[in-house]
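Since the model is a prediction, treat every value here as computed from it, not as a measurement. Naming: A, B, ... by sequence-line order, numbering from 1 per chain.
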2 protein chains.
Amino acid sequence: MIRVLIADDHHVVRRGLIVFLKTQKDFEVVGEAKNGLEAVELVETLQPDIVLMDLVMPEMDGIQATKRIKSKWPTIEVLMLTSFSDKDHVLPAIEAGAAGYQLKDIEPDELVNSIRKIMRGENIIHPAATTTLQEKIQEDKNLPHIQNPLTPREQDVLAELTKGKSNREIASSLFVTEKTVKTHISNIFNKLNVQDRTQAALYAVKHNLTEGSESGV
Amino acid sequence: MIRVLIADDHHVVRRGLIVFLKTQKDFEVVGEAKNGLEAVELVETLQPDIVLMDLVMPEMDGIQATKRIKSKWPTIEVLMLTSFSDKDHVLPAIEAGAAGYQLKDIEPDELVNSIRKIMRGENIIHPAATTTLQEKIQEDKNLPHIQNPLTPREQDVLAELTKGKSNREIASSLFVTEKTVKTHISNIFNKLNVQDRTQAALYAVKHNLTEGSESGV
DNA sequence: TTACATTTCAGACAAAAGTATGAGTTACCA
DNA sequence: TGGTAACTCATACTTTTGTCTGAAATGTAA
């Protein structure tokens, strides 16, 4: 059961989404928010799996709301659902931590599909928005939850980390000091957009970044 | 590729195992140890995925070696391979942290099968040894890596933990103080036989203890 | 050859995480 | 009704983690 929170200032939009998602047996709309602030509050109490977030809303816009949500509850996914596909709207959304970006003209089936993909750990960008993203990616590579630019050494560290090892153990395995491991690990967290080693390990497992090794706890 | 270390004081046994495992394309025997002490040392340098460990060996027996290995490298699995199926031999092995216990009369195919299962996170006990285990389980439930006695509340905490949350976040989600969360978490670690939250999260994911929720990083 | 990325390491902190121990509460079982 | 398990919380620590800043060595691509 995927628990969905809808955040949109237009009543019609919320109605439409709810009606449609109700036809999906494994979806449950746990709440509705009329603006970004309400969205953050409801996320806190309801702890949904995913938030369908409108970009433009009163009180607090979708970007701000997404930032707050992702910083407090990094595991809760946000799918930006809006009607703008230009650079100025897409990029901030992705940078804020949204796992996906879809235009509101999306087909219902496609929407459900997108949500499922996100829950599986994939990132979804509407084709129209992708092109504008591609350009930016060249200039600014700091969007690692889209593209993963871990260096070889960082991948080594992450692999060890994903075996449940401590910094000291990783250092010993890779024949470097604990300081070095800490440096790598900090960089990994930034690139993966996670806050700590547990999230990094879960991310690696979920996204199958653990190609090298096969053991686990 | 599953990297195997063989620890047995009988040369013939080692030969036999090696020859057989060589026929398996995804197995690699990375080393052989003639006693427990050597096994521990080789584990340190070779970092295998799994150790096939004889119970009775000179220098250091399989139980001791397993204890040391599991305490230092909890992610490395140990399959006890021996010829005793009585209580006094089986229980210490399991308590030492062995993921499996098989008699030496095991069919080669069955052995490979067991190893694969262990790598998948399952625990393997030879039928003959299972019955003696069953009895003991009633008396002594402190064998959590076999049977998981997490209380409901501990399961709640573990579920939150497996979303990548910090203690503070878990506390807020479950409406208790951080102190309480720490208590639960310490207990969980003991029961799961892991050292920290990352290992616990990986354990939960691997062993599918995350029934309740579906989200991740 | 300059510029940049990668890898290594250090010092100094701040912030979490974990452990140990004790204790009060409820709830249920024998 | 006494014992026990589960849940809660606290105090007092120790140990790890993680961040920031700075820096040196290496290799490589423009």
*Sugar-phosphate means primed atoms, P, OP1 and OP2; the rest is base. With that split, encode nucleotides 16-23 of chain D 5' to 3' as B, S or - using protein heavy atoms under 4.0 Å.*
SBBB----
*Under 3.5 Å, side chain of A:Glu44 to main-chain N/O of A:Glu41, donor-acceptor pair present?*
no
*Is the backbone of B:Gln195 close enough, under 3.5 Å, to the side chain of B:Gln199 for a donor and an acceptor to pair up by distance?*
yes
*Minimum-distance nucleotide (side-chain atoms of A:Lys179 versus D:dC7, C:dA10, D:dC9)*: C:dA10
*asked:* Going by side chain to side chain contact (heavy atoms under 4.5 Å, CB included), B:Leu55 matches just one of B:Leu81, B:Ile63, B:Asp61. Which one?
replied: B:Ile63
From [atom1] of [X] over to [atom2] of [N], roughly how many Å is that when rounded to an integer?
| X | N | atom1 | atom2 | answer |
| --- | --- | --- | --- | --- |
| B:Leu174 | D:dA6 | CG | P | 17 Å |
| A:Leu150 | C:dT7 | CG | P | 10 Å |
| A:Leu158 | C:dT7 | CG | P | 13 Å |
| B:Glu169 | C:dA15 | CD | P | 16 Å |

*Could you give the angle between the helix axes at the two ends of the helix from C:dT1-D:dA30 to C:dA30-D:dT1, with five pairs per end, rounded to 10 degrees?*
50°
*Not counting sequence neighbours, list each pair that qualifies as a salt bridge (Lys or Arg N to Asp or Glu O under 4.0 Å) and has a residue in residues 173-190 of chain B.*
B:Arg168-B:Glu178
_We want to know whether B:Thr180 and B:Thr177 form a side-chain donor-acceptor pair, criterion being a heavy-atom distance below 3.5 angstrom._
yes
_Counting only heavy atoms from other residues, nucleotides and ligands, does the tally under 6.0 Å from CZ of A:Arg68 exceed 12?_
no
_For the student: nearest non-hydrogen atoms of B:Ala39 and B:Ala7, plus distance_ = CB-CB, 3.9 Å
*Taking all atoms of both residues into account, what is the closest heavy-atom pair of A:Pro48 and A:Val30, and its distance?*
CB-CG2, 4.0 Å
*asked:* Applying a 4.0 Å non-hydrogen cut-off, can you work out what B:Thr180 is touching in the nucleic acid: base, sugar-phosphate, or nothing?
replied: base
*Give one of base, sugar-phosphate or nothing for B:Thr151, where a contact means two heavy atoms less than 4.0 Å apart.*
sugar-phosphate
*Under 4.0 angstrom between A:His184 side-chain N/O and C:dT8 OP1 or OP2*: yes
_Sole candidate of A:Arg116, A:Arg3, A:Lys70 that passes salt bridge (charged side-chain N to carboxylate O under 4.0 Å, His left out) when paired with A:Glu77_ = A:Lys70
